[in-house]
Student: 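Sharing a structure with you now.
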Amino acid sequence: MDVNRGLSGNSNGFDRAWPDDATRIPDWIYTDQDVYKREIEKIFLGRHWNYVGLECEVPEPGSYMRSYVGPFPVVVTRDMDGALHVFENRCAHRGVEFCREYRGKADSFICPYHNWTYDLKGDLTAIPFRRGVKGKGGAPKDFEMSEYGLRRFRVSTRGGVIFATACEDLESIEDYLGPEICAEFDATFDGTEFTLLGVHRNILPSNWKLYQENLKDPYHATLLHTYLTTFGLFVSSNESNIPTDKYGRHGGLLSRRPEGRPDVSEEEKSNMQAFKQTMELNDPRVLKFFPEADSKWSGSVLTIFPTLTALRQTNILNTRLLVPRGPNEFMMLWTVFGRSDDDEEMTRHRLRQNNIFGPAGFLGIEDNEALKFLQDGIRKAMPREGLAVLGEDDEATDTLITERAIRGMYRYYRDVMGF
Ligand code: FES
Ligand code: FE2
């Protein structure tokens with residue numbers, strides 16, 4: 001193996017040609033501004049369904065919330081007839097990001113700068129001094145309000161999850177997910193009504209794709225996370241499955257937790273520094289599991305390309321929306337929810353258990369650090385290629401010691417991006 005591979009190349013030390021092998025991932029896809037611009041065109045505004053929120057976040061006519069399609073701020077509304085709309089949060093006049101509250105109820109949006117007013121569908125309904133004063137000034141005579149509404153996205157929902165796309169003729173959500181992923185998606189989003197329990201927001205100094213990779217990477221989960229391994233939530237010996245859709249763009253990490261502490265072999269222990277045999281929790285209630293989904297998996301993480309991850313771990317239900325902020329940074333919006341028929345005790349349990357995840361969670365914090373260190377290495381060091389060599393592409397899908405799903409995503413990505 002030539003360890004200097006990637007050090008030669010053109011005069012700026014930067015070679016755009018993707019190595020002819022999905023096991024090699026070039027550094028520049030995580031750091032380059034031109035790559036990021038192309039992602040906006042080909043991915044976020046391309047032929048993809050972008051997750052924007054849950055129906056329980058806009059529960060009633062007149063409800064709205066702020067969200068994002070890729071990096072672009074949008075507003076999600078439910079109009080007075082109950083229909084959902086997604087439109088840009090950018091005034092058609094001078095460009096103000098007019099919706100400032102994260103969520104609420106409204107019957108219109110009035111831009112604070114010059115008070116142009118939009119309805120819940122994003123149509124422009126009023127502009128002050130349209131005819132000027134005393135016959136002077138004002139909008140041009142031929143100004144048609146219908147031409148200056150907010151730009152809208154197409155909207156679709158499945159199981160209470162809202163998606164938006166700029167593409168006019170995209171396949172249904174069901175076809176977009178594909179049968180393997182759709183089945184697991186439906187096990188969590190099974191048609192019950194959800195209630196919003198809370199939202200975390202945090203900003204990570206890393207490329208957005210690294211977070212999708214992280215959740216397609218069962219290998220790290222068995223090594224980095226003391227909490228997961230020690231308390232048996234995700235251990236290499238658990239029964240598990242790593243499905244992907246036919247394109248490789250979506251994936252799942254599915255795992256079934258044993259009763260009690262995991263039965264870990266000496267071989268596994270010798271490979272897992274994070275496993276702490278004698279560690280105990282002061283409050284073991286956080287690990288309690290009340291089976292609730294029609295699925296054999298007690299842990300299910302779905303990565304839906306491009307920017308949704310949906311988690312059902314024990315009794316934690318949450319989604320994460322990845323909001324790119326340039327190549328080197330993204331924001332994460334975690335939406336934590338429960339079922340509307342939960343009693344108070346179950347709600348307390350879900351909230352308590354949610355301490356496992358989130359920006360400062362018992363294990364979420366480790367991923368945040370790892371991804372910062374990863375971006376540091378990629379951004380600051382001499383360019384090289386990352387490796388995703390573990391496991392076989394045609395192996396059975398029940399081993400966790402594999403990087404098959406990461407390779408799958410990048411085969412799809414290369415294709416869409418034209419690299
Ligand atoms: Fe919104 Fe002028 S920028 S009304
Ligand atoms: Fe992790």
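In each ligand, atom 1 is the first atom listed, and ligand 1 is the first ligand listed.
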Student: Kindly determine whether Y64 and E101 satisfy side chain to side chain donor-acceptor pair (under 3.5 Å), including the steps that lead there.
Tutor: CA-CA 9 Å; Y64 72 86; E101 299 292 325; 5.5 Å; no

Student: State the atoms of ligand 1, each with its element, that fall below the 4.0 Å cut-off from a heavy-atom position in C91.
Tutor: 1 (Fe), 3 (S), 4 (S)

Student: Select the closest option to atom 1 (Fe) of ligand 1 among G95, P128, A92, C111, judged by heavy-atom distance.
Tutor: C111

Student: What are the atoms of ligand 1, with element, lying closer than 4.0 Å to any heavy atom of V96?
Tutor: 3 (S)

Student: If you round to 10 degrees, what value do you get for the angle at the Fe ion (ligand 2) between D367 atom OD2 and H225 atom NE2?
Tutor: 100°

Student: Taking the six-membered ring for Trp and the full ring for Phe, Tyr or His, determine whether the centres of Y247 and H48 are under 6.0 Å apart.
Tutor: no

Student: For H250 together with Y176, are the ring centres under 6.0 Å from each other?
Tutor: yes

Student: Examine all N, O or S atoms of H93, backbone included, and report whether one is under 2.8 Å from atom 2 (Fe) of ligand 1.
Tutor: yes

Student: Got a salt bridge between R312 and E292, using NZ or NE/NH1/NH2 to carboxylate O under 4.0 Å?
Tutor: no

Student: Taking the six-membered ring for Trp and the single ring otherwise, decide whether the centroids of Y413 and F305 are under 6.0 Å apart.
Tutor: no

Student: Can you tell which of E97, R90, R94 gets a heavy atom nearest to atom 3 (S) of ligand 1?
Tutor: R94

Student: Suppose I only count heavy atoms of W116 and a 4.0 Å limit; which atoms of ligand 1 are within that range?
Tutor: 4 (S)

Student: Take H220 and D367 through the test side chain to side chain donor-acceptor pair (under 3.5 Å) and record every step on the way to the result.
Tutor: CA-CA 9 Å; H220 95 279; D367 288 316; 3.0 Å; yes

Student: Relative to atom 2 (Fe) of ligand 1, which of the N, O or S atoms in H114 is the closest?
Tutor: ND1

